[in-house]
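Reminder, nothing fancy here: chain letters follow the sequence lines and each chain counts from 1.
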2 protein chains.
Amino acid sequence: MKSGDVYDPTCSARDALELIASKWAMLILPALREEPMRNSALLRKIGGISQKMLTQTLRELERNGLVIRSDKQTRPPHVEYTLSPLGASLGDALSVLDRWAERHFTALDEARERFDNERV
Amino acid sequence: MKSGDVYDPTCSARDALELIASKWAMLILPALREEPMRNSALLRKIGGISQKMLTQTLRELERNGLVIRSDKQTRPPHVEYTLSPLGASLGDALSVLDRWAERHFTALDEARERFDNERV
DNA sequence: TCAATCACGCACTTTCAGGTAACCACGAAC
DNA sequence: GTTCGTGGTTACCTGAAAGTGCGTGATTGA
């Protein structure tokens, strides 16, 4: 357990990196940054996610102290997900990546086409 | 093909996100940001990566125009990997995440322990 | 009265990330 | 003449990740 080196596979900073290097975490955290949301709202917001993966990822994020789950004990159920301060700081960094992807995906597409055409 | 929305699963911005949401890309790109490196140097720098995954990830990054592979045609082989300008801009954003992981992994560890103890 | 909402849990299946190991070409050094 | 270093490729295999689909139980809207 050294002093935080992601390049060291035995350091648990690596575990942290693998947690945040998940495509769903990269969408959920920035989504919650805008506003706290319920399960169904996240399901609608994040296209292509399954109920299972949403629950699973939220549980992991909650477990690591990034997301706060608040269950008003009502019928029908009403559960809201919020970012913790720690989660908010990570959400900021992740939303930068989201915006990078939105800005540059065409460049990636073009590069891929060029590469694949050369290597016929 | 809409105007760049990572929340839309049919938009290729999502593909871009999945490419950069790889734990190996998250280590390789920041590593190359410091200085151009050879295959063996990356292998040493990035603990726990196998030759196969290194090659595979480098190929994908090259394919998407993020990494430039320059092969001096010598014997024994000498190949160097550099970041393209696009790759450098992504590497900056990713190294922010690396540093986030290195700073906060202890907080995550603690949160996990707390969570797991409650739910006995 | 029928369907849908909400927030899941569970079982089953499929996909794929990733590991291991063997192989390659070439030149230099021993 | 055979062993090493370099930068890979290829085939094979497995375990974990992720998707599919169904159940739940009270409640509200059409």
Side-chain angles (χ1 to χ4, degrees), chain A residues 6-7 9-10 14-28 31-32 35-64 67-82 115-116 118-120, chain B residues 9-10 14-15 17-29 31-32 35-64 67-82 115 118-119:
Chain A
V6 284
Y7 292 112
T10 68
R14 179 67 73 85
D15 299 339
L17 195 67
E18 289 183 32
L19 174 71
I20 66 190
S22 130
K23 72 174 168 186
W24 298 129
M26 284 210 172
L27 293 169
I28 292 176
L32 290 178
E35 52 176 344
M37 275 184 168
R38 308 177 59 174
N39 177 53
S40 52
L42 284 166
L43 219 46
R44 276 188 298 269
K45 168 111 183 164
I46 301 173
I49 196 171
S50 66
Q51 173 63 64
K52 186 196 162 194
M53 286 317 297
L54 179 58
T55 308
Q56 207 171 96
T57 311
L58 282 173
R59 240 6 42 89
E60 263 311 283
L61 295 175
E62 186 197 359
R63 183 165 173 254
N64 285 272
V67 157
I68 296 162
R69 179 192 134 101
S70 39
D71 185 345
K72 344 276 186 194
Q73 298 280 353
T74 59
R75 292 264 150 214
H78 183 103
V79 180
E80 214 172 51
Y81 295 97
T82 323
F115 187 91
D116 293 348
E118 283 172 17
R119 304 258 161 177
V120 177
Chain B
T10 67
R14 180 66 74 86
D15 298 339
L17 196 66
E18 290 183 31
L19 174 71
I20 66 190
S22 132
K23 72 174 166 185
W24 297 128
M26 284 211 172
L27 293 169
I28 292 176
L29 290 176
L32 290 178
E35 53 175 342
M37 275 184 168
R38 306 177 60 173
N39 179 49
S40 51
L42 284 166
L43 222 44
R44 277 189 299 269
K45 168 112 182 164
I46 301 173
I49 196 171
S50 66
Q51 172 64 60
K52 185 195 164 193
M53 287 314 298
L54 178 58
T55 309
Q56 207 172 94
T57 311
L58 281 172
R59 249 350 58 82
E60 263 313 282
L61 295 175
E62 186 196 1
R63 183 166 173 253
N64 285 271
V67 157
I68 297 162
R69 181 191 132 102
S70 40
D71 186 347
K72 344 278 186 193
Q73 299 281 351
T74 58
R75 289 279 150 201
H78 183 105
V79 180
E80 214 172 52
Y81 296 97
T82 324
F115 187 91
E118 284 172 18
R119 305 256 162 179

Taking OP1 and OP2 of D:dG8, is either one under 4.0 Å from a side-chain nitrogen or oxygen of B:Arg59? yes

B:Asp71 CG to D:dT6 P, in whole Å, measures 15 Å

Does A:Ser40 have a side-chain nitrogen or oxygen under 4.0 Å from the phosphate oxygens OP1 or OP2 of C:dT5? no

Starting from C1' on D:dT20, measure out to CG on A:Leu54 and report it in whole angstrom. 16 Å

Look at all strands and tell whether B:Lys72 reaches a base, only sugar-phosphate, or nothing, counting heavy atoms closer than 4.0 Å. nothing

Please report, rounded to the nearest Å, how far the P atom of C:dA17 is from the CD atom of B:Gln56. 7 Å

Residue pair B:Leu32 / B:Tyr81: nearest heavy atoms and the distance that separates them: CD2-O, 3.5 Å

Rounded to whole Å, how long is the line connecting atom CE of A:Met53 with atom C1' of C:dT15? 13 Å

Distance, rounded to the nearest Å, where B:Met37 contributes CE and D:dT6 contributes P: 15 Å

Check B:Trp24 against B:Thr57 and note the closest heavy-atom contact, atom names and distance. CB-OG1, 3.8 Å

A:Asn39 CG to C:dT5 P, in whole Å, measures 13 Å

Select base, sugar-phosphate, or nothing to describe what B:Arg44 touches, counting heavy atoms under 4.0 Å on all strands. nothing

side-chain N/O B:Thr55 vs D:dG7 OP1/OP2, d < 4.0 Å: no

Does B:Ser50 make a side-chain N or O approach to OP1 or OP2 of C:dG19 shorter than 4.0 Å? yes

Value in whole Å for how far the P atom of D:dA26 lies from CD of A:Gln73: 15 Å

Output the rounded distance in Å from CG (A:Leu43) to P (C:dC6). 10 Å

Does B:Tyr81 put a side-chain nitrogen or oxygen below 4.0 Å from OP1 or OP2 of D:dG8? yes

Where do A:Gly47 and B:Arg14 come nearest, in terms of heavy atoms and distance? O-NH2, 2.8 Å

Here the pair of heavy atoms bringing A:Gly48 nearest to B:Pro9 is N-CG, 3.8 Å

B:Gly48 or A:Val79, whichever maps to the more 5' nucleotide of DNA chain C: A:Val79

Residue pair B:Arg38 / B:Pro77: nearest heavy atoms and the distance that separates them: NH2-O, 3.2 Å

Of the nucleotides C:dA7, D:dT27, D:dG5, which one has an atom closest to the side chain of A:Arg38? C:dA7

Closest to the side chain of A:Lys52, out of C:dC10, D:dG7, C:dG19, is C:dC10

Let me know, please, whether A:Pro77 or A:Gln51 comes out on the 5' side of the other along DNA chain D by nearest nucleotide. A:Gln51

